[in-house]
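Written below as structure tokens is the structure these notes are about.
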Amino acid sequence: MAFLSDALGRMKPSATIVVTQKARDLKAQGRDVISLSVGEPDFDTPENIKRAGIAAIERGETRYPPVSGIQPLREAIARKFKRENGLDYKPSQTIVGTGGKQILFNALMATINTGDEVVIPAPYWVSYPEMVALCGGTPVFAETRIEDNFKLQAAELDRVITPKTKWVILNSPSNPSGAAYSQDEMKALTDVLLRHPHVWVLTDDMYEHLVYGDFKFVTPAQVEPKLYDRTLTMNGVSKSYAMTGWRIGYAAGPEHLIKAMDTLQGQQTSGACTIAQWASVEALDGPQDHLNVFRKAFEERRDLVVSMLNQAQHLKCPTPEGAFYVYPSCAGAIGLKTPEGKVIGNDEDFVTALLESEGVAVVHGSAFGLGPNFRVSYATSTAVLEDACTRIQRFCASLR
């Protein structure tokens with residue numbers, strides 16, 4: 001009898017975590033390594049939010065919270081959805097988890113039975129298919145193209161939906177591509193979903209506030225109110241508020257689904273950290289001035305990275321609408337050799353050789369379900385990005 005569960009065998013380690021750890025290990029050995037693999041803002045948590053966390057400690061807000069979240073935060077979440085997305089949710093329709101990852105996992109675990117299918121556009125965040133598989137479901141990948149800036153097209157969504165489809169996961173802006181759906185683009189997808197009333201919509205809106213230029217963020221239930229009763233709208237404070245370590249994600253949806261997730265969470269982790277929850281109340285209700293600072297810095301970095309990567313030989317890099325990632329194609333480098341004679345057979349070979357040669361850590365696109373590409377996180381300083389992109393240009397120029 002095997003000791004480890006069969007379910008564990010259906011999962012793979014997170015490629016982003018693996019690459020990040022490899023970069024850390026090389027640094028510890030004395031290598032000059034620039035890591036562009038981490039999906040984490042380099043900004044500090046805004047002062048007013050930190051002060052709210054400190055005040056919570058001083059008030060003694062350190063006991064077990066309700067499983068679904070403290071009432072003030074659930075009320076703040078309902079206000080946020082109404083104010084920013086035009087969505088009416090009662091606090092009882094909201095839930096707070098230990099990060100957005102737990103919200104997604106709980107939703108899937110509470111609803112998926114063996115044989116259920118979940119449609120996931122590729123490229124995708126590495127955890128989506130692993131969560132689905134662990135829950136006993138079947139990930140079904142919908143293809144996107146670089147010509148469409150990695151955005152799912154309505155015809156492809158319609159093609160992959162079957163009678164077994166339970167969920168479609170939509171992530172806008174996207175990790176790893178940064179692609180975000182406009183009102184019209186999202187409407188084309190929601191029109192398809194209206195024709196398939198058995199399919200639920202699971203949104204990942206974690207990068208909602210990190211969009212650039214004149215782009216306007218939209219979420220599915222906002223674009224098509226008829227989907228309200230079968231949509232779980234997930235968000236969190238990690239990216240927009242530089243609170244990755246506070247570990248707070250949240251969602252809103254039909255009350256029967258929220259209750260099911262609450263039941264699961266009650267036997268799993270119970271409520272999220274009380275101090276982080278009180279800080280999150282301030283994040284959602286307090287001043288939002290920092291968002292313009294974040295957006296301006298990230299937009300400048302995006303433009304720098306896109307420009308420098310498009311100047312590199314063998315690479316093609318679209319300009320994304322949001323998040324803090326770009327997803328360049330390295331198709332032009334496939335089949336070439338490094339100066340040491342190693343053949344670049346795929347995108348994983350490309351990023352491995354780049355790390356070994358120039359000390360730049362990025363994540364191969366095949367880990368996100370679509371290659372030959374690689375993901376670059378530009379959530380670091382301009383000086384570091386210029387250095388990294390210069391190294392990438394030098395590496396690409398060395399291939400023959």
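FYI, side chains are in, hydrogens and waters are out, and symmetry mates aren't considered; it's all heavy atoms of this structure. In this text the structure is predicted, and so the values were computed from the model without any measurement.
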How far apart are the C-alpha atoms of Leu134 and Phe105, what are their side-chain angles, what is the distance that settles it, and do they pass the side chain to side chain contact (heavy atoms under 4.5 Å, CB included) test? CA-CA 9 Å; Leu134 186 61; Phe105 180 83; 3.6 Å; yes

Please answer: with hydrophobic residues joined when any side-chain heavy atoms are less than 4.5 Å apart, are [X] and [Y] in the same cluster?
X	Y	result
Leu264	Trp167	yes
Trp125	Val160	no
Leu193	Ile120	no
Leu291	Phe298	no
Ile77	Ile258	no

Stepwise side chain to side chain contact (heavy atoms under 4.5 Å, CB included) check, Tyr241 with Glu282: CA-CA 10 Å; Tyr241 299 93; Glu282 174 64 20; over 6 Å; no

Do you see a donor-acceptor pair shorter than 3.5 Å between the side chains of [X] and [Y]?
X	Y	answer
Asp349	His364	no
Tyr212	Asp303	no
Asn85	Thr219	no
Gln311	Ser307	yes
Ser35	Ser37	yes
Gln71	Arg74	no

Does [X] reach the main-chain N or O of [Y] with its side chain, forming a donor-acceptor pair under 3.5 Å?
X	Y	answer
Ser398	Phe395	yes
Asn310	Lys316	no
Ser68	Ile95	no
Asp205	Asn235	no
Arg302	Pro320	yes
Gln288	Gly286	yes
Glu61	Thr274	no
Asn149	Lys151	no
Tyr181	Leu152	yes

Look at atom [atom1] of [X] and say whether more than 12 heavy atoms of other residues, nucleotides or ligands are closer to it than 6.0 Å.
X	atom1	result
Lys259	NZ	no
Arg59	CZ	yes
Glu224	CD	yes

Looking at [X] versus [Y], is the centre-to-centre ring distance below 6.0 Å?
X	Y	answer
Tyr325	Tyr207	yes
Tyr228	Tyr89	yes
His209	Phe217	no

Should the pair [X]-[Y] be classified as a salt bridge under the 4.0 Å nitrogen-to-oxygen rule?
X	Y	answer
Arg295	Glu299	no
Asp191	Arg195	no
Lys90	Glu255	yes
Lys342	Glu340	no
Arg145	Glu156	no

Quick check: closest heavy atoms across Gly136 and Ile112, and the distance to 0.1 Å? C-CG2, 4.1 Å

Could you state the interatomic distance from CZ (Arg79) to CG (Leu284), rounded to the nearest 0.5 Å? 8.5 Å

Applying side chain to side chain contact (heavy atoms under 4.5 Å, CB included) to Tyr128 and Leu202, what does each step give before you reach the verdict? CA-CA 11 Å; Tyr128 295 148; Leu202 180 50; over 6 Å; no

Audit row: Thr111, Trp200, side-chain hydrogen bond (donor to acceptor under 3.5 Å, both in side chains) steps and yes/no: CA-CA 10 Å; Thr111 57; Trp200 282 60; over 6 Å; no

Would you call the rings of Tyr327 and Phe368 parallel, tilted or perpendicular, where under 30° means parallel and over 60° means perpendicular? perpendicular

Residues Asp25, Gln21; criterion side-chain hydrogen bond (donor to acceptor under 3.5 Å, both in side chains); working and verdict: CA-CA 6 Å; Asp25 293 343; Gln21 187 58 50; 2.9 Å; yes

